[in-house]
Chemist: 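The structure's right below; bear with me while I get my questions together.
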Amino acid sequence: MIFYEVSVTVPAQLSLAFENYMRDKHIPEIWATKCFVQIHFAKMGEDNYRTCYQAQSQAEYERYLNDFASAMRADFMQHFPDGCQVQRQVWSSLQTWPAA
């Protein structure tokens, strides 16, 4: 399992617009690519957000990067051209303990 995490710090005045954009447009469009098997959208405090996209394999994550990432990032920049700080990380799962 590959975990593609995107953390964004958003200016306070853009928080509501950012949340709406992520819930109503960005995440549904990424979900529609079928590159990911699960997506989590989380908030910490007033202006820190994290979205974790889970891909079944490195190949599915790379398919997202090759076929969709550029357009998704460009659309994000059209909606939030200034003020957002974005960090991306990719994690590989070593082991999972299922709920009992």
Side-chain angles (χ1 to χ4, degrees):
M1 190 75 64
I2 301 298
F3 300 94
Y4 171 48
E5 293 192 0
V6 181
S7 299
V8 184
T9 302
V10 179
Q13 68 272 19
L14 296 178
S15 288
L16 183 58
F18 177 80
E19 286 184 30
N20 290 336
Y21 169 79
M22 292 297 288
R23 286 184 172 134
D24 299 337
K25 183 176 186 347
H26 193 70
I27 293 172
E29 288 179 358
I30 291 178
W31 183 251
T33 69
K34 300 187 190 284
C35 294
F36 301 101
V37 296
Q38 195 168 55
I39 300 174
H40 297 273
F41 182 49
K43 181 178 183 177
M44 180 179 70
E46 293 298 315
D47 57 359
N48 292 299
Y49 296 87
R50 182 180 70 178
T51 310
C52 181
Y53 305 91
Q54 285 182 259
Q56 193 67 39
S57 66
Q58 183 70 30
E60 286 299 304
Y61 168 66
E62 289 175 10
R63 184 170 72 84
Y64 170 74
L65 289 180
N66 293 331
D67 297 348
F68 303 104
S70 293
M72 295 295 179
R73 292 174 185 176
D75 184 74
F76 179 87
M77 289 305 297
Q78 285 182 341
H79 286 83
F80 299 96
D82 297 311
C84 293
Q85 297 174 351
V86 180
Q87 295 181 330
R88 295 176 180 88
Q89 295 183 324
V90 179
W91 297 77
S92 297
S93 179
L94 298 176
Q95 185 173 353
T96 299
W97 288 262

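These numbers come from a predicted model, not from an experiment.
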Chemist: Are the side chains of D82 and F80 in contact, using a 4.5 Å heavy-atom criterion?
Modeler: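 No. Closest side-chain heavy atoms not under 4.5 Å.
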Chemist: Evaluate the side-chain proximity of Q58 to M1: yes if any heavy-atom separation is below 4.5 Å, no if none is.
Modeler: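 No - every pair of side-chain heavy atoms lies 4.5 Å or more apart.
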Chemist: Does anything in residues 4-19 pair up under salt bridge (Lys or Arg N to Asp or Glu O under 4.0 Å), and if so which pairs, sequence neighbours excluded?
Modeler: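 Salt bridge (Lys or Arg N to Asp or Glu O under 4.0 Å) check on residues 4-19 returns E5-R50, E19-R23, E19-K43.
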Chemist: Would you name the heavy atoms of M22 and Y53 that are closest together and state the gap between them?
Modeler: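 So the two residues come closest at CE-OH, 4.1 Å.
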Chemist: Is there side-chain contact between E60 and K34, with heavy atoms separated by less than 4.5 Å?
Modeler: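 E60 vs K34: side chains apart.
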Chemist: Between N48 and T9, is the side-chain hydrogen bond (donor to acceptor under 3.5 Å, both in side chains) condition met? List the steps.
Modeler: CA-CA 5 Å; N48 292 299; T9 302; 3.0 Å; yes
Chemist: Looking at every heavy atom in both T96 and S93, which two are closest together, and how far apart are they?
Modeler: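 What the structure gives for the nearest pair is OG1-OG, 3.7 Å.
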Chemist: Keeping the roles fixed (side chain from R63, backbone from T33), state whether a donor-acceptor pair exists under 3.5 Å.
Modeler: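 Answer holds: yes.
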Chemist: Does some side-chain heavy atom of F68 sit less than 4.5 Å from a side-chain heavy atom of C35?
Modeler: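 Counting from C-beta outward, C35 and F68 do come under 4.5 Å.
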Chemist: I'd like to check Y49 versus S15 (side-chain heavy atoms, cut-off strictly below 4.5 Å). Are they in contact?
Modeler: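 A side-chain contact exists here, since the closest heavy-atom pair is under 4.5 Å.
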Chemist: Is there a side-chain contact between I2 and S57, using heavy atoms and a 4.5 Å cut-off?
Modeler: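 No, side chains not in contact.
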Chemist: Any non-hydrogen side-chain atom of D75 less than 4.5 Å from a side-chain atom of K25?
Modeler: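 When only atoms from C-beta onward are counted, K25 and D75 do touch, with a gap below 4.5 Å.
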Chemist: I'd like to check V86 versus F76 (side-chain heavy atoms, cut-off strictly below 4.5 Å). Are they in contact?
Modeler: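 A side-chain contact under 4.5 Å exists here.
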Chemist: Do the ring planes of F41 and F18 sit parallel (below 30°), tilted (30 to 60°) or perpendicular (above 60°)?
Modeler: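 Plane angle between 30° and 60°, so tilted.
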Chemist: Examine the side chains of E29 and W31 and answer whether a donor and an acceptor come within less than 3.5 Å of each other.
Modeler: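 The criterion, which ignores hydrogens and geometry beyond distance, is not satisfied for W31 and E29.
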Chemist: Determine whether a donor-acceptor pair (N or O, by modelled atom type, separation under 3.5 Å) exists between the side chain of N66 and the backbone of E62.
Modeler: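 Between the backbone of E62 and the side chain of N66 there is a qualifying donor-acceptor contact (under 3.5 Å).
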